[in-house]
Peer 1: 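This structure is in structure tokens; I'll ask about it shortly.
Fair warning: this is a prediction, and the values are worked out from it, not measured in the lab. Chain letters run A, B, ... following the sequence lines, proteins first and then strands; every chain starts at 1.
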Protein chains: 2
Amino acid sequence: MDWDVVGQRSETVRRANLSAIVRELHLRGPLSRSELVARTGLTRSAIRVLLGELVAADLVSEDRRAHLGTPGRPSPLVHANPTTAVVLALDIAVDSCAVALVGFGGEVLALQRVDRPRGHLSVADTIADLVQLAGPVLAPTRGSDALIAVGISVAGIIRRPDGLVRMAPNLGWRDVALANQLGGALGVQVPISVANEADLGALAELRRGSAVGLDDVLYLSGEVGVGGGLIVGGRPLTGAAGYGGEVGHFPIRPDGAPCHCGSVGCWETEIGERALLRQAGYDQGGGRDQVDALLADAATGSPSALAALAAVGRWLGIGLAGLVNILNPQIVVLGGLFHRIHPFVAATIETELDRLALEASRALVRIVPSMLAEDAPLLGAAEMAFDALLSDPAGYLGRFEPLAAAGGV
Amino acid sequence: MDWDVVGQRSETVRRANLSAIVRELHLRGPLSRSELVARTGLTRSAIRVLLGELVAADLVSEDRRAHLGTPGRPSPLVHANPTTAVVLALDIAVDSCAVALVGFGGEVLALQRVDRPRGHLSVADTIADLVQLAGPVLAPTRGSDALIAVGISVAGIIRRPDGLVRMAPNLGWRDVALANQLGGALGVQVPISVANEADLGALAELRRGSAVGLDDVLYLSGEVGVGGGLIVGGRPLTGAAGYGGEVGHFPIRPDGAPCHCGSVGCWETEIGERALLRQAGYDQGGGRDQVDALLADAATGSPSALAALAAVGRWLGIGLAGLVNILNPQIVVLGGLFHRIHPFVAATIETELDRLALEASRALVRIVPSMLAEDAPLLGAAEMAFDALLSDPAGYLGRFEPLAAAGGV
DNA sequence: AACATTTGGCAGAGAGGATCACAAACCCGT
DNA sequence: ACGGGTTTGTGATCCTCTCTGCCAAATGTT
């Protein structure tokens, strides 16, 4: 049921403390030793020993910090080494594919995104595209042990914990064991995890974006469909099998239009890309270019474009009011399509929230556009890939030591 | 952000292990020592030392178990002592008030419920009623240190962590600091926690009811209003300030009827008690008696009663489909009103779920009536009151020792 | 230049669980 | 009834990890 039904021992303490240090350095950036002491509540001695191991493993480095004018012996600045441990992140979106190499500490060492024609691309073709894209990005890591994991974001319903792609309607996929196939194609031997694009967008905003430091977050993702990523009490809501967060398929208008999912009146049918384009009189299947055109027209005051945005904004507000009531989040982050239309819908959303949401929850929530924009799911995939290192650094300490690896015991 | 940013030490390990043992005994009932060894993963030696402390504090006892036919030395049965540590639970519902005394291990030592006329009862009157009700129940604990905490369930929106009753529309309360007032009136010096009735119903079903052993649970509560209690990843979803779970106010029919909360088309306006009674042609304000009459009529085949139940069942299914999509729970537990009408709506709900919910999540969820029925929130309040003991038993070890208490150090 | 302040370094202490050998208590077969 | 096999409780000792306390180092201040 939870971690605490399993017995703890001294080793557990070490692991937790090492994890706390590594997590702080990865998430909050460089810190002095004394700041680490303050943050973790450990003593200088304990920090020293633990840091010693991390330094020996080349995961972190200590630098003499420039004098900062305070009395007392200066504390060296500890920072994560971005090239000792890196992860590969992949994003399989509807209009594009992307790949990134992210170093421990969060530095983005490389990032490539290519647009793709919309439509049902086969799994094999997609994998070929990704391998081609990842090749040069991955090149610097060949021959070293720096690559520790791969994370993949997919616009679809993904089963946890095995990462099976149960259904990706906009890709035309069903029950695809993506991790296995990609692992072989990429020629990497590290763990590969797959997750839903919205869930990873939420994780990215939580760790690197507009929700840093918060515990209860709703990330709303708009690709062709509408997805949601939920952070509850500081941790991702996955549900029983990883299918949680599908807010786009709440039947918000049960007498409304049929949804491609088989249901009727889903929120997506009112706020999705197709709904927006249809109401504004654009080609529903046109995708990204059509949305660009719509936004350009709206900027020049086109009444039909503005009316369509107002309608979508209204339905956005209605649905968000319900979700705010259910989840009582501190922040709602608008990603994807909603990030792009945010300037045109922000006021309407606030109005609807005032009208419909419970006062207590309403007063606490802010609605903001995504900070990471299009790259949120990609960077979230990287963060997911770092999770194993962050929660148990001890398991990784042996693998980076360049000297100890050569010599025997 | 989370527990693991704070440094761990040996003492933490002891606390966690003690907590694991106490939790197992409280939640799973009597276990042999060897079963505890298996469950916690600790060694016999460690279990022995930890149990020694618990026995010395009189929190648990060891009995020679009746021989059970297996070879090897028999392992003594360890069980929680129900009278060493007890909690008082109070339930302030719309139609009734209840009080219970629950012992460590979960035994209900006393339970009293009294009906109350519906309407706006003052805080002072309610407190007086509760004190009168609690008096005899609490009598056996006077003069001892057995009472460790009080938990209160209220049909309203409660702020965490201080338990302020922000709004209880069916009681007519607003911003009531209930814990302070009740503590004085009851004459107890122990911590008092207050929480929402649906949240506690969910907790009770998770620990003692139909959701035992599950991690993702939606408890749907129907008093006059409709509330929800969510268990996500094994722990309660509270949201940023404790207001989470208000599923009754999802705008499921935005062109529908105004809700007393100020919004329009809330789920509650379609499935709440008033909606049920209205559609069946009964007095909306009649409350419990009217519902009983409706159910009796439905049992004899009354078309209007059955039609109203069918309509409510349909809207129940529609809303649950959305919630199942969002939360991907393993189980949905119907409490309160929905527990009572379950036989009449179960089939309709399942049909609507088949029609509207995403296949992946739909396949995993079961819809069941509450096992604990009317007492779920009350028993949940008791479980909440036990939380401090379960998560840090070490803090309580000193207070029960009858011998050590007398002699000083 | 002397002092105050903060921090790193290091040895010893303390806490807590694991290990291991042994004894106790049960079963079963003869 | 008796001895072997099996499982479990007991207790001494060991191992791991952090804390405590003292000293040295590095900086600012007077």
Side-chain angles (χ1 to χ4, degrees), chain A residues 3-22 30-56 60-78 392-395 397, chain B residues 4-21 30-56 60-78 392-395 397:
Chain A
W3 60 272
D4 52 10
V5 302
V6 75
Q8 312 284 302
R9 57 186 82 180
S10 319
E11 183 198 330
T12 318
V13 173
R14 182 181 199 76
R15 190 180 319 174
N17 288 339
L18 219 39
S19 168
I21 294 176
V22 164
L31 294 169
S32 72
R33 271 204 197 188
S34 58
E35 286 170 323
L36 277 173
V37 167
R39 278 241 164 74
T40 61
L42 297 173
T43 60
R44 299 201 298 271
S45 305
I47 292 288
R48 186 178 73 90
V49 173
L50 296 172
L51 273 184
E53 290 196 25
L54 295 174
V55 169
V60 309
S61 298
E62 292 186 297
D63 284 333
R64 302 216 162 279
R65 167 136 70 168
H67 306 166
L68 31 66
T70 55
R73 177 172 175 171
S75 195
L77 196 65
V78 185
D392 188 12
L397 291 185
Chain B
D4 53 9
V5 304
V6 73
Q8 311 285 303
R9 57 187 80 182
S10 328
E11 183 198 329
T12 318
V13 173
R14 162 156 289 236
R15 188 179 322 173
N17 287 340
L18 220 39
S19 166
I21 294 176
L31 295 168
S32 72
R33 271 204 198 189
S34 58
E35 285 170 324
L36 277 173
V37 167
R39 278 238 164 74
T40 62
L42 297 172
T43 61
R44 298 202 299 269
S45 304
I47 292 288
R48 184 177 74 91
V49 173
L50 295 171
L51 273 184
E53 291 196 26
L54 295 175
V55 169
V60 309
S61 298
E62 291 186 297
D63 284 333
R64 302 217 162 280
R65 165 134 73 167
H67 305 166
L68 32 65
T70 56
R73 177 172 174 171
S75 197
L77 197 64
V78 185
D392 188 11
L397 291 186

Peer 1: Under the rule for salt bridge (Lys or Arg N to Asp or Glu O under 4.0 Å), what residues qualify as partners of A/Glu35, not counting sequence neighbours?
Peer 2: none
Peer 1: Using the side chain to side chain contact (heavy atoms under 4.5 Å, CB included) criterion, which residues pair with B/Val13? Sequence neighbours excluded.
Peer 2: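 Checked B/Val13 against side chain to side chain contact (heavy atoms under 4.5 Å, CB included); matches are A/Gln8, A/Val13, B/Asn17.
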Peer 1: Name the residue closer to the 5' end of DNA chain D, choosing between B/Val37 and A/Arg15 according to the nucleotide with the nearest heavy atom.
Peer 2: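 On the 5' side of the pair lies B/Val37.
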Peer 1: Donor-acceptor pair under 3.5 Å: do we get one between A/Ser75's side chain and the base of C/dG8?
Peer 2: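 No such pair is found, so the answer is no.
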Peer 1: For A/Ile47 and C/dG9, what is the distance between atoms CD1 and P respectively, to the nearest whole Å?
Peer 2: 12 Å
Peer 1: Taking all heavy atoms of A/Thr40 and all of A/Ala20, pick out the closest pair and write down the distance.
Peer 2: CG2-CB, 4.4 Å
Peer 1: Which residues pass the side chain to side chain donor-acceptor pair (under 3.5 Å) test with B/Ser61, sequence neighbours left out?
Peer 2: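 Only B/Asn81 meet the side chain to side chain donor-acceptor pair (under 3.5 Å) criterion with B/Ser61.
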Peer 1: Excluding sequence neighbours, so at least two apart, what forms salt bridge (Lys or Arg N to Asp or Glu O under 4.0 Å) with A/Asp392?
Peer 2: A/Arg15
Peer 1: State whether A/Arg44 places a side-chain N or O below 4.0 Å from either non-bridging phosphate oxygen (OP1 or OP2) of D/dC23.
Peer 2: no
Peer 1: Tabulate atom names and distances for all N/O pairs under 3.5 angstrom spanning the protein and nucleotides 14-16 of chain C.
Peer 2:
none

Peer 1: Take nucleotides 23-30 of chain C nucleotide by nucleotide from the 5' end and write B, S or -, depending on whether a protein heavy atom sits under 4.0 Å from the base, only from the sugar-phosphate, or from neither.
Peer 2: -BBBS---
Peer 1: Using a 4.0 Å heavy-atom cut-off, does B/Ser34 contact any base of the nucleic acid, only the sugar-phosphate backbone, or nothing at all?
Peer 2: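 The residue B/Ser34 makes sugar-phosphate contact but no base contact.
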Peer 1: Can you list the residues that meet the side chain to side chain contact (heavy atoms under 4.5 Å, CB included) rule with A/Pro71, with sequence neighbours excluded?
Peer 2: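 For A/Pro71, no residue satisfies side chain to side chain contact (heavy atoms under 4.5 Å, CB included) once neighbours in sequence are set aside.
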Peer 1: Strictly below 4.0 Å: does A/Thr43 bring a side-chain N or O up to OP1 or OP2 of D/dC19?
Peer 2: yes
Peer 1: Run the side chain to side chain donor-acceptor pair (under 3.5 Å) test against A/Thr43 and tell me which residues pass, sequence neighbours left out.
Peer 2: none
Peer 1: In whole angstrom, give the distance that lies between atom CZ of A/Arg9 and atom P of D/dT18.
Peer 2: 15 Å
Peer 1: So, is A/Ser45 near the phosphate of D/dC19, with a side-chain N or O under 4.0 Å from OP1 or OP2?
Peer 2: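 A/Ser45 to D/dC19 OP1/OP2: no side-chain N or O under 4.0 Å.
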Peer 1: When you measure only distances, ignoring hydrogens and angles, does the side chain of B/Arg48 come within 3.5 Å of the base of D/dG9 through a donor and an acceptor?
Peer 2: no
Peer 1: What pairs with B/Arg9 under side chain to side chain donor-acceptor pair (under 3.5 Å), at least two apart in sequence or on another chain?
Peer 2: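 Side chain to side chain donor-acceptor pair (under 3.5 Å) list for B/Arg9, sorted by chain: empty.
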Peer 1: Nearest-Å distance, CD (B/Glu62) to P (D/dT8)?
Peer 2: 14 Å
Peer 1: Between B/Leu51 (CG) and D/dG9 (P), how many Å, whole number?
Peer 2: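 So the two atoms are 9 Å apart, to the nearest Å.
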Peer 1: Under 3.5 Å, is there a donor-acceptor pair between the side chain of B/Ser75 and the main chain of B/Ser34?
Peer 2: yes
